[in-house]
2 protein chains.
Amino acid sequence: MPPRSYVSPARSAAAAETRERVIEAASRTLREGESIARFSLDSVAKAAGVTRLTVYNQFGSRRGLLEAVFDEIARHGGLHQLADAMTMADPRAALDRMVEIFCTFWSRDSAVGRLHDAMATDPEFAEAIRERNERRRRGLTALIDRIADKGASPQARKDAVDLIFALTSYPTFASLSAGRSRDEVCRVVQRACRAALAPLSNPSS
Amino acid sequence: MPPRSYVSPARSAAAAETRERVIEAASRTLREGESIARFSLDSVAKAAGVTRLTVYNQFGSRRGLLEAVFDEIARHGGLHQLADAMTMADPRAALDRMVEIFCTFWSRDSAVGRLHDAMATDPEFAEAIRERNERRRRGLTALIDRIADKGASPQARKDAVDLIFALTSYPTFASLSAGRSRDEVCRVVQRACRAALAPLSNPSS
DNA sequence: TATTGACTATACATTATGTATATCTAATTT
DNA sequence: AAATTAGATATACATAATGTATAGTCAATA
(Lines give C-alpha, C1' and ligand atoms only; values in the text may rest on other atoms or scores of the structure.)
Protein backbone atom coordinates (compact mmCIF):
# COMPACT_ATOMS: atom_id res chain seq x y z
CA MET A 1 0.00 0.00 0.00
CA PRO A 2 1.61 3.24 -1.16
CA PRO A 3 1.68 5.97 1.46
CA ARG A 4 -0.90 8.55 0.66
CA SER A 5 0.52 12.03 0.64
CA TYR A 6 -1.06 15.40 0.38
CA VAL A 7 -0.25 19.09 0.19
CA SER A 8 -1.66 21.06 3.02
CA PRO A 9 -2.31 24.77 2.51
CA ALA A 10 -2.54 25.50 6.19
CA ARG A 11 0.54 23.39 6.97
CA SER A 12 2.82 24.82 4.29
CA ALA A 13 1.65 28.31 5.14
CA ALA A 14 2.54 27.76 8.78
CA ALA A 15 5.88 26.27 7.74
CA ALA A 16 6.59 29.24 5.51
CA GLU A 17 5.80 31.53 8.39
CA THR A 18 8.17 29.80 10.79
CA ARG A 19 10.76 29.81 8.03
CA GLU A 20 10.40 33.59 7.74
CA ARG A 21 10.56 33.91 11.49
CA VAL A 22 13.80 31.93 11.64
CA ILE A 23 15.35 33.98 8.84
CA GLU A 24 14.34 37.17 10.61
CA ALA A 25 15.81 35.91 13.89
CA ALA A 26 18.99 34.88 12.11
CA SER A 27 19.57 38.23 10.43
CA ARG A 28 18.79 39.98 13.71
CA THR A 29 21.30 37.77 15.49
CA LEU A 30 23.88 38.54 12.80
CA ARG A 31 23.23 42.27 13.08
CA GLU A 32 23.41 42.40 16.86
CA GLY A 33 26.20 39.88 17.38
CA GLU A 34 29.80 40.90 17.85
CA SER A 35 31.14 38.49 15.28
CA ILE A 36 30.14 35.56 13.14
CA ALA A 37 31.82 33.29 15.67
CA ARG A 38 28.98 33.91 18.12
CA PHE A 39 26.39 33.00 15.51
CA SER A 40 25.09 29.58 16.50
CA LEU A 41 21.99 27.73 15.39
CA ASP A 42 21.16 27.38 19.05
CA SER A 43 20.90 31.13 19.59
CA VAL A 44 18.97 31.62 16.36
CA ALA A 45 16.50 28.90 17.28
CA LYS A 46 15.96 30.42 20.70
CA ALA A 47 15.50 33.89 19.21
CA ALA A 48 12.96 32.50 16.76
CA GLY A 49 11.14 30.55 19.44
CA VAL A 50 11.70 27.19 17.79
CA THR A 51 13.91 24.18 18.30
CA ARG A 52 17.32 23.84 16.77
CA LEU A 53 16.08 20.81 14.88
CA THR A 54 13.41 22.92 13.24
CA VAL A 55 16.16 25.03 11.76
CA TYR A 56 17.80 21.90 10.36
CA ASN A 57 14.42 20.77 9.12
CA GLN A 58 13.93 24.02 7.19
CA PHE A 59 17.44 24.84 5.98
CA GLY A 60 19.36 21.60 6.18
CA SER A 61 22.45 23.16 7.70
CA ARG A 62 24.06 26.28 9.01
CA ARG A 63 25.15 27.09 5.48
CA GLY A 64 21.60 26.69 4.16
CA LEU A 65 20.35 29.16 6.73
CA LEU A 66 23.04 31.69 5.88
CA GLU A 67 22.25 31.44 2.17
CA ALA A 68 18.57 31.95 2.93
CA VAL A 69 19.41 35.04 4.96
CA PHE A 70 21.53 36.44 2.13
CA ASP A 71 18.78 35.80 -0.39
CA GLU A 72 16.26 37.51 1.87
CA ILE A 73 18.52 40.55 2.18
CA ALA A 74 19.08 40.58 -1.56
CA ARG A 75 15.34 40.48 -2.15
CA HIS A 76 14.80 43.61 -0.09
CA GLY A 77 18.08 45.32 -0.97
CA GLY A 78 16.96 47.24 -4.03
CA LEU A 79 19.06 45.30 -6.54
CA HIS A 80 16.04 45.09 -8.84
CA GLN A 81 16.81 48.71 -9.73
CA LEU A 82 19.86 47.45 -11.59
CA ALA A 83 17.67 46.49 -14.55
CA ASP A 84 16.61 50.11 -15.04
CA ALA A 85 20.13 51.37 -14.51
CA MET A 86 21.57 49.09 -17.16
CA THR A 87 19.22 50.43 -19.80
CA MET A 88 20.19 54.07 -19.31
CA ALA A 89 21.26 55.82 -22.48
CA ASP A 90 24.56 57.05 -21.02
CA PRO A 91 26.65 54.06 -19.89
CA ARG A 92 28.78 56.26 -17.63
CA ALA A 93 25.70 57.51 -15.85
CA ALA A 94 24.60 53.89 -15.61
CA LEU A 95 27.88 53.03 -13.90
CA ASP A 96 27.40 55.86 -11.41
CA ARG A 97 23.93 54.56 -10.71
CA MET A 98 25.22 51.02 -10.32
CA VAL A 99 27.74 52.17 -7.72
CA GLU A 100 24.96 53.98 -5.89
CA ILE A 101 22.74 50.91 -5.90
CA PHE A 102 25.47 48.72 -4.47
CA CYS A 103 26.51 51.21 -1.82
CA THR A 104 22.90 51.24 -0.71
CA PHE A 105 22.80 47.48 -0.79
CA TRP A 106 25.96 46.98 1.26
CA SER A 107 24.86 49.54 3.84
CA ARG A 108 21.19 48.60 4.12
CA ASP A 109 21.58 45.62 6.46
CA SER A 110 24.71 45.24 8.54
CA ALA A 111 24.15 41.49 8.47
CA VAL A 112 25.78 41.40 5.02
CA GLY A 113 29.08 42.15 6.68
CA ARG A 114 28.74 39.13 8.90
CA LEU A 115 27.72 37.02 5.92
CA HIS A 116 30.92 38.04 4.16
CA ASP A 117 32.77 36.99 7.29
CA ALA A 118 31.09 33.60 7.05
CA MET A 119 32.69 33.17 3.62
CA ALA A 120 36.03 32.81 5.35
CA THR A 121 35.11 29.68 7.27
CA ASP A 122 32.81 27.97 4.79
CA PRO A 123 34.24 27.57 1.27
CA GLU A 124 30.98 26.29 -0.17
CA PHE A 125 29.05 29.21 1.24
CA ALA A 126 31.73 31.49 -0.15
CA GLU A 127 31.25 29.96 -3.56
CA ALA A 128 27.49 30.47 -3.31
CA ILE A 129 27.93 34.16 -2.51
CA ARG A 130 30.50 34.55 -5.26
CA GLU A 131 28.05 33.14 -7.78
CA ARG A 132 25.48 35.69 -6.70
CA ASN A 133 28.12 38.40 -7.21
CA GLU A 134 28.89 37.25 -10.72
CA ARG A 135 25.74 39.00 -11.84
CA ARG A 136 27.42 42.26 -10.90
CA ARG A 137 30.46 41.32 -12.96
CA ARG A 138 28.36 40.44 -16.00
CA GLY A 139 26.49 43.74 -15.83
CA LEU A 140 29.79 45.51 -15.49
CA THR A 141 31.22 43.73 -18.53
CA ALA A 142 28.28 44.79 -20.67
CA LEU A 143 28.62 48.37 -19.46
CA ILE A 144 32.35 48.49 -20.12
CA ASP A 145 31.84 47.20 -23.64
CA ARG A 146 29.49 50.09 -24.27
CA ILE A 147 31.89 52.61 -22.81
CA ALA A 148 35.13 51.37 -24.34
CA ASP A 149 36.39 52.80 -27.62
CA LYS A 150 36.67 50.48 -30.59
CA GLY A 151 40.41 50.40 -30.25
CA ALA A 152 40.41 49.44 -26.57
CA SER A 153 42.16 46.11 -26.08
CA PRO A 154 40.40 43.12 -24.51
CA GLN A 155 42.98 43.24 -21.74
CA ALA A 156 42.21 46.87 -20.97
CA ARG A 157 38.51 46.02 -20.81
CA LYS A 158 39.13 43.07 -18.52
CA ASP A 159 41.31 45.23 -16.27
CA ALA A 160 38.60 47.87 -16.03
CA VAL A 161 35.92 45.30 -15.28
CA ASP A 162 37.92 43.56 -12.57
CA LEU A 163 39.09 46.81 -10.99
CA ILE A 164 35.58 48.25 -10.81
CA PHE A 165 34.34 44.88 -9.60
CA ALA A 166 36.80 45.14 -6.72
CA LEU A 167 35.92 48.78 -6.09
CA THR A 168 32.22 47.97 -5.81
CA SER A 169 32.74 44.92 -3.62
CA TYR A 170 31.75 44.73 0.01
CA PRO A 171 35.31 44.75 1.39
CA THR A 172 36.08 48.05 -0.35
CA PHE A 173 32.81 49.52 0.87
CA ALA A 174 33.52 48.40 4.41
CA SER A 175 37.07 49.76 4.31
CA LEU A 176 35.91 53.19 3.14
CA SER A 177 33.01 53.28 5.59
CA ALA A 178 35.24 54.10 8.55
CA GLY A 179 34.35 57.71 9.22
CA ARG A 180 32.17 58.18 6.15
CA SER A 181 28.47 58.21 5.50
CA ARG A 182 27.01 55.96 2.83
CA ASP A 183 26.74 58.87 0.40
CA GLU A 184 30.31 59.95 1.01
CA VAL A 185 31.57 56.43 0.34
CA CYS A 186 29.42 56.36 -2.76
CA ARG A 187 31.00 59.55 -4.12
CA VAL A 188 34.53 58.30 -3.48
CA VAL A 189 33.83 54.99 -5.22
CA GLN A 190 32.11 56.71 -8.13
CA ARG A 191 35.13 58.93 -8.70
CA ALA A 192 37.48 55.96 -8.58
CA CYS A 193 35.33 53.97 -11.01
CA ARG A 194 35.20 56.85 -13.47
CA ALA A 195 38.96 57.12 -13.26
CA ALA A 196 39.23 53.42 -14.01
CA LEU A 197 37.59 54.06 -17.36
CA ALA A 198 40.38 56.31 -18.62
CA PRO A 199 42.49 53.53 -20.21
CA LEU A 200 39.49 52.63 -22.37
CA SER A 201 39.48 55.93 -24.21
CA ASN A 202 41.58 55.98 -27.36
CA PRO A 203 43.69 59.15 -27.26
CA SER A 204 43.80 59.22 -31.11
CA SER A 205 40.03 59.70 -31.38
CA MET B 1 62.67 30.17 51.13
CA PRO B 2 62.29 31.96 47.80
CA PRO B 3 62.33 29.66 44.77
CA ARG B 4 65.58 29.97 42.94
CA SER B 5 65.16 30.61 39.23
CA TYR B 6 67.64 30.74 36.41
CA VAL B 7 67.90 31.40 32.69
CA SER B 8 69.13 28.51 30.68
CA PRO B 9 70.84 29.18 27.31
CA ALA B 10 70.43 25.60 26.13
CA ARG B 11 66.83 25.46 27.34
CA SER B 12 65.66 28.72 25.83
CA ALA B 13 67.47 27.90 22.62
CA ALA B 14 65.67 24.58 22.39
CA ALA B 15 62.39 26.31 23.21
CA ALA B 16 63.00 28.89 20.51
CA GLU B 17 63.69 26.11 18.06
CA THR B 18 60.46 24.28 18.82
CA ARG B 19 58.68 27.61 18.61
CA GLU B 20 60.08 28.13 15.12
CA ARG B 21 59.14 24.58 14.19
CA VAL B 22 55.56 25.13 15.33
CA ILE B 23 55.30 28.42 13.41
CA GLU B 24 56.66 26.72 10.32
CA ALA B 25 54.21 23.85 10.70
CA ALA B 26 51.37 26.31 11.24
CA SER B 27 52.10 28.36 8.13
CA ARG B 28 52.51 25.17 6.11
CA THR B 29 49.17 23.93 7.39
CA LEU B 30 47.59 27.27 6.48
CA ARG B 31 49.11 27.16 2.99
CA GLU B 32 48.10 23.59 2.25
CA GLY B 33 44.69 23.59 3.95
CA GLU B 34 41.49 24.18 2.04
CA SER B 35 40.20 26.79 4.44
CA ILE B 36 40.87 28.30 7.84
CA ALA B 37 38.10 26.09 9.23
CA ARG B 38 40.37 23.06 8.95
CA PHE B 39 43.16 24.81 10.81
CA SER B 40 43.25 23.23 14.25
CA LEU B 41 45.92 23.32 16.91
CA ASP B 42 45.76 19.54 16.88
CA SER B 43 46.84 19.30 13.25
CA VAL B 44 49.54 21.93 13.72
CA ALA B 45 50.93 20.15 16.75
CA LYS B 46 51.03 16.85 14.87
CA ALA B 47 52.71 18.50 11.88
CA ALA B 48 55.31 20.03 14.17
CA GLY B 49 55.88 16.81 16.07
CA VAL B 50 54.85 18.24 19.42
CA THR B 51 51.88 18.06 21.72
CA ARG B 52 48.93 20.41 21.51
CA LEU B 53 49.77 21.60 25.00
CA THR B 54 53.19 22.66 23.84
CA VAL B 55 51.51 25.00 21.40
CA TYR B 56 49.51 26.49 24.25
CA ASN B 57 52.64 26.70 26.29
CA GLN B 58 54.40 28.70 23.58
CA PHE B 59 51.62 30.86 22.16
CA GLY B 60 48.91 30.88 24.80
CA SER B 61 46.08 30.40 22.36
CA ARG B 62 45.08 29.84 18.78
CA ARG B 63 45.09 33.60 18.30
CA GLY B 64 48.59 33.90 19.68
CA LEU B 65 49.83 31.31 17.22
CA LEU B 66 48.18 33.08 14.29
CA GLU B 67 49.71 36.39 15.30
CA ALA B 68 53.11 34.75 15.55
CA VAL B 69 52.67 33.30 12.05
CA PHE B 70 51.72 36.70 10.67
CA ASP B 71 54.72 38.35 12.29
CA GLU B 72 57.00 35.66 10.90
CA ILE B 73 55.61 36.23 7.40
CA ALA B 74 55.97 39.98 7.81
CA ARG B 75 59.60 39.55 8.85
CA HIS B 76 60.43 37.71 5.66
CA GLY B 77 58.00 39.57 3.40
CA GLY B 78 60.26 42.40 2.29
CA LEU B 79 58.38 45.17 4.07
CA HIS B 80 61.67 46.58 5.29
CA GLN B 81 62.12 47.95 1.78
CA LEU B 82 59.36 50.43 2.56
CA ALA B 83 61.84 52.63 4.43
CA ASP B 84 63.89 53.12 1.29
CA ALA B 85 60.81 53.64 -0.83
CA MET B 86 59.47 56.37 1.43
CA THR B 87 62.64 58.42 1.08
CA MET B 88 62.56 58.52 -2.70
CA ALA B 89 62.76 62.00 -4.17
CA ASP B 90 59.67 61.57 -6.35
CA PRO B 91 56.67 60.76 -4.12
CA ARG B 92 54.71 59.35 -7.07
CA ALA B 93 57.51 56.93 -7.83
CA ALA B 94 57.54 56.10 -4.14
CA LEU B 95 53.84 55.24 -4.34
CA ASP B 96 54.47 52.98 -7.32
CA ARG B 97 57.21 51.28 -5.36
CA MET B 98 54.98 50.94 -2.32
CA VAL B 99 52.32 49.20 -4.39
CA GLU B 100 54.97 46.87 -5.77
CA ILE B 101 56.25 46.03 -2.30
CA PHE B 102 52.79 45.19 -1.05
CA CYS B 103 51.86 43.13 -4.09
CA THR B 104 54.99 41.11 -3.46
CA PHE B 105 54.12 40.83 0.21
CA TRP B 106 50.56 39.64 -0.36
CA SER B 107 51.66 37.10 -2.95
CA ARG B 108 54.77 35.79 -1.23
CA ASP B 109 53.08 33.38 1.16
CA SER B 110 49.57 32.18 0.49
CA ALA B 111 49.11 31.76 4.24
CA VAL B 112 48.39 35.48 4.47
CA GLY B 113 45.09 34.83 2.73
CA ARG B 114 44.10 32.33 5.38
CA LEU B 115 45.19 34.74 8.09
CA HIS B 116 42.88 37.36 6.66
CA ASP B 117 40.13 34.74 6.74
CA ALA B 118 40.87 34.23 10.41
CA MET B 119 40.07 37.90 10.98
CA ALA B 120 36.43 37.09 10.30
CA THR B 121 36.03 34.73 13.22
CA ASP B 122 38.31 36.34 15.78
CA PRO B 123 37.68 40.05 16.38
CA GLU B 124 40.72 40.48 18.57
CA PHE B 125 42.98 38.88 16.00
CA ALA B 126 41.38 41.12 13.39
CA GLU B 127 42.23 44.13 15.51
CA ALA B 128 45.83 42.96 15.85
CA ILE B 129 46.20 42.64 12.08
CA ARG B 130 44.51 45.99 11.52
CA GLU B 131 47.02 47.64 13.84
CA ARG B 132 49.85 46.16 11.82
CA ASN B 133 48.24 47.59 8.68
CA GLU B 134 48.03 51.07 10.15
CA ARG B 135 51.69 51.48 9.35
CA ARG B 136 50.75 51.30 5.68
CA ARG B 137 48.13 54.01 6.18
CA ARG B 138 50.58 56.28 7.99
CA GLY B 139 53.15 55.92 5.24
CA LEU B 140 50.46 56.61 2.71
CA THR B 141 49.35 59.75 4.55
CA ALA B 142 52.87 61.12 4.54
CA LEU B 143 53.21 60.36 0.84
CA ILE B 144 49.92 61.98 -0.06
CA ASP B 145 50.88 65.13 1.84
CA ARG B 146 53.99 65.37 -0.32
CA ILE B 147 52.05 64.82 -3.51
CA ALA B 148 49.04 67.05 -2.84
CA ASP B 149 49.00 70.65 -3.99
CA LYS B 150 48.80 73.36 -1.38
CA GLY B 151 45.17 73.99 -2.24
CA ALA B 152 44.09 70.38 -1.88
CA SER B 153 41.47 70.09 0.86
CA PRO B 154 41.97 67.86 3.89
CA GLN B 155 38.95 65.88 2.77
CA ALA B 156 40.44 65.25 -0.65
CA ARG B 157 43.65 64.07 1.00
CA LYS B 158 41.76 61.76 3.33
CA ASP B 159 39.78 60.36 0.43
CA ALA B 160 42.95 59.66 -1.52
CA VAL B 161 44.61 57.98 1.46
CA ASP B 162 41.65 55.76 2.25
CA LEU B 163 41.04 54.85 -1.37
CA ILE B 164 44.66 53.88 -1.98
CA PHE B 165 44.66 52.08 1.35
CA ALA B 166 41.76 49.98 0.11
CA LEU B 167 43.40 49.47 -3.29
CA THR B 168 46.58 48.16 -1.69
CA SER B 169 44.77 45.92 0.78
CA TYR B 170 44.83 42.17 0.64
CA PRO B 171 41.16 41.76 -0.40
CA THR B 172 41.72 43.92 -3.48
CA PHE B 173 44.89 42.02 -4.32
CA ALA B 174 43.09 38.70 -3.95
CA SER B 175 40.17 39.84 -6.06
CA LEU B 176 42.41 40.99 -8.91
CA SER B 177 44.59 37.88 -8.69
CA ALA B 178 42.04 35.68 -10.44
CA GLY B 179 43.66 35.12 -13.81
CA ARG B 180 46.53 37.54 -13.29
CA SER B 181 50.17 37.22 -12.37
CA ARG B 182 51.57 39.19 -9.48
CA ASP B 183 53.13 41.72 -11.85
CA GLU B 184 49.93 42.16 -13.78
CA VAL B 185 47.98 42.81 -10.60
CA CYS B 186 50.70 45.24 -9.57
CA ARG B 187 50.37 47.24 -12.78
CA VAL B 188 46.58 47.44 -12.49
CA VAL B 189 46.78 48.63 -8.90
CA GLN B 190 49.53 51.15 -9.70
CA ARG B 191 47.40 52.67 -12.46
CA ALA B 192 44.39 52.89 -10.16
CA CYS B 193 46.45 54.50 -7.39
CA ARG B 194 47.90 57.09 -9.76
CA ALA B 195 44.38 57.89 -10.92
CA ALA B 196 43.34 58.35 -7.31
CA LEU B 197 45.84 61.20 -7.04
CA ALA B 198 44.09 63.33 -9.66
CA PRO B 199 41.76 65.18 -7.23
CA LEU B 200 44.85 66.39 -5.35
CA SER B 201 46.14 68.44 -8.24
CA ASN B 202 44.92 72.02 -8.30
CA PRO B 203 43.76 72.76 -11.86
CA SER B 204 44.56 76.48 -11.40
CA SER B 205 48.24 75.79 -10.94
C1' DT C 1 -11.17 7.74 12.18
C1' DA C 2 -6.66 6.79 10.48
C1' DT C 3 -2.79 9.05 8.56
C1' DT C 4 0.33 12.58 7.48
C1' DG C 5 3.41 16.81 7.92
C1' DA C 6 5.75 20.01 10.80
C1' DC C 7 7.65 20.48 15.03
C1' DT C 8 9.44 18.71 19.57
C1' DA C 9 12.15 15.96 23.05
C1' DT C 10 16.02 13.46 23.96
C1' DA C 11 20.10 11.32 23.03
C1' DC C 12 24.43 10.65 20.82
C1' DA C 13 28.78 11.15 17.90
C1' DT C 14 32.29 14.26 16.58
C1' DT C 15 35.41 18.05 16.68
C1' DA C 16 37.54 22.27 18.76
C1' DT C 17 39.24 25.32 22.21
C1' DG C 18 40.91 25.93 26.59
C1' DT C 19 42.13 24.56 31.57
C1' DA C 20 43.97 21.53 35.33
C1' DT C 21 47.12 18.24 37.37
C1' DA C 22 50.68 15.15 37.62
C1' DT C 23 54.83 13.26 35.43
C1' DC C 24 59.12 13.05 32.82
C1' DT C 25 63.72 14.60 31.42
C1' DA C 26 67.61 17.22 30.69
C1' DA C 27 69.88 21.59 32.04
C1' DT C 28 71.50 24.33 36.15
C1' DT C 29 72.51 25.52 40.70
C1' DT C 30 74.18 24.60 45.25
C1' DA D 1 76.51 14.48 43.47
C1' DA D 2 71.98 15.96 44.80
C1' DA D 3 68.27 19.10 44.59
C1' DT D 4 65.82 22.08 41.63
C1' DT D 5 63.99 24.07 37.62
C1' DA D 6 62.21 24.90 32.66
C1' DG D 7 60.10 22.88 29.01
C1' DA D 8 57.58 19.21 27.24
C1' DT D 9 54.38 15.30 27.85
C1' DA D 10 50.28 12.36 29.38
C1' DT D 11 45.79 12.30 30.80
C1' DA D 12 41.59 14.11 32.04
C1' DC D 13 37.96 17.34 32.05
C1' DA D 14 34.72 21.32 30.93
C1' DT D 15 32.42 23.69 27.35
C1' DA D 16 30.35 24.65 23.03
C1' DA D 17 29.09 23.82 18.32
C1' DT D 18 27.55 21.04 14.23
C1' DG D 19 25.17 17.32 12.63
C1' DT D 20 22.53 12.72 12.92
C1' DA D 21 19.13 9.37 14.83
C1' DT D 22 14.84 7.93 16.96
C1' DA D 23 10.65 8.33 19.01
C1' DG D 24 6.81 11.24 20.27
C1' DT D 25 3.20 15.24 19.91
C1' DC D 26 -0.55 17.54 17.68
C1' DA D 27 -3.33 19.68 14.38
C1' DA D 28 -4.63 19.35 9.38
C1' DT D 29 -6.17 16.28 5.90
C1' DA D 30 -7.95 12.08 3.45
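Since this is a predicted model, take the numbers as computed values, not measurements. In what follows, chains carry the letters A, B, and so on, assigned in the order in which the sequence lines appear, proteins first and then strands, with residues in each chain numbered from 1.
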Student: Measure CZ/B/F125 against C1'/C/dT17 and give the value in whole Å, please.
Tutor: 16 Å
Student: Kindly calculate the angle separating the two end axes of the helix from C/dT1-D/dA30 to C/dT30-D/dA1, each obtained from five base pairs, and round it to 10 degrees.
Tutor: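 The angle separating the two end axes equals 10°.
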Student: What pairs with A/R63 under salt bridge (charged side-chain N to carboxylate O under 4.0 Å, His left out), at least two apart in sequence or on another chain?
Tutor: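 For A/R63 the salt bridge (charged side-chain N to carboxylate O under 4.0 Å, His left out) partners, ignoring immediate neighbours, are A/D122, A/E124.
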Student: What orientation do B/W106 and B/H116 show, parallel under 30°, tilted 30 to 60°, or perpendicular over 60°?
Tutor: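 It falls in the perpendicular class, over 60°.
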Student: How long is the straight-line distance from CD of A/E20 back to CD of A/E24, given to the nearest 0.5 Å?
Tutor: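 It comes to 9.0 Å.
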Student: Just jot down the side chain to side chain donor-acceptor pair (under 3.5 Å) partners of A/R182, sequence neighbours excluded, or say none.
Tutor: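 For A/R182 the side chain to side chain donor-acceptor pair (under 3.5 Å) partners, ignoring immediate neighbours, are A/T104.
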Student: By ring pair (Phe, Tyr, Trp, His ring centres under 6.0 Å), which residues pair with A/F70, not counting sequence neighbours?
Tutor: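 If we apply the ring pair (Phe, Tyr, Trp, His ring centres under 6.0 Å) test to A/F70, skipping adjacent residues, there are no hits.
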Student: Run the side-chain donor-acceptor check on residues 40-49 of chain B: report pairs under 3.5 Å with partners two or more places apart or on a different chain.
Tutor:
residue	atom	partner	partner atom	Å
B/S40	OG	B/S43	N	3.2
B/S40	OG	B/S43	OG	3.2
B/S43	OG	B/S40	N	3.4
B/S43	OG	B/S40	O	2.7

Student: Taking ring pair (Phe, Tyr, Trp, His ring centres under 6.0 Å) as the test, write out the residues that go with B/F105, two or more places apart.
Tutor: none
Student: Check whether any side-chain N or O of B/N57 sits under 4.0 Å from OP1 or OP2 of D/dA8, and answer yes or no.
Tutor: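 True: B/N57 side-chain N/O within range (under 4.0 Å) of D/dA8 OP1/OP2.
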Student: Regarding A/R130 and A/N133, is there a side-chain donor-to-acceptor distance under 3.5 Å anywhere?
Tutor: no
Student: Please state how far atom CZ in A/R38 lies from atom C1' in C/dT17, giving the value in whole angstrom units.
Tutor: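 Those two atoms, CZ and C1', are 12 Å apart.
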Student: Starting at CZ of B/F39 and ending at P of C/dT15, how long is that distance when rounded to a whole Å?
Tutor: 18 Å
Student: What's the separation between atom OG1 in B/T29 and atom CZ in B/R38, rounded to the nearest 0.5 Å?
Tutor: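 That separation rounds to 13.0 Å.
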Student: Among residues 13-35 of chain B, which residues get a heavy atom nearer than 4.0 Å to DNA chain D?
Tutor: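 Listed by number, they are B/A15, B/T18.
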Student: My understanding is that only residues two or more places apart in sequence, or in another chain, count here; which of them pass salt bridge (charged side-chain N to carboxylate O under 4.0 Å, His left out) with B/D183?
Tutor: none
Student: Mind running side chain to side chain donor-acceptor pair (under 3.5 Å) on A/R114 and A/S35 for me, showing each step along the way?
Tutor: CA-CA 7 Å; A/R114 299 289 134 72; A/S35 107; over 6 Å; no
Student: Going by the rule side chain to side chain donor-acceptor pair (under 3.5 Å), which residues pair with A/R28 if we only count those two or more places apart in sequence or in a different chain?
Tutor: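 Not a single residue meets the side chain to side chain donor-acceptor pair (under 3.5 Å) criterion with A/R28.
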Student: Which atoms of nucleotides 26-28 of chain D (N or O only) lie under 3.5 Å from a protein N or O atom, and what are those distances?
Tutor:
residue	atom	partner	partner atom	Å
D/dA27	N3	A/R11	NH2	2.3
D/dA28	O4'	A/R11	NH2	3.3
D/dA28	O3'	A/S8	OG	3.2

Student: Could you work out, with side chain to side chain donor-acceptor pair (under 3.5 Å) as the rule, every residue matching B/R187, not counting sequence neighbours?
Tutor: none
Student: State whether B/T51 places a side-chain N or O below 4.0 Å from either non-bridging phosphate oxygen (OP1 or OP2) of D/dT9.
Tutor: yes
Student: Identify all pairs in which a protein N or O lies below 3.5 Å from an N or O of nucleotides 18-24 of chain C, and state each distance.
Tutor:
residue	atom	partner	partner atom	Å
C/dG18	OP2	B/Y56	OH	3.3
C/dG18	OP2	B/R62	N	3.1
C/dG18	N7	B/R52	NH1	2.9
C/dG18	O6	B/R52	NH2	3.0

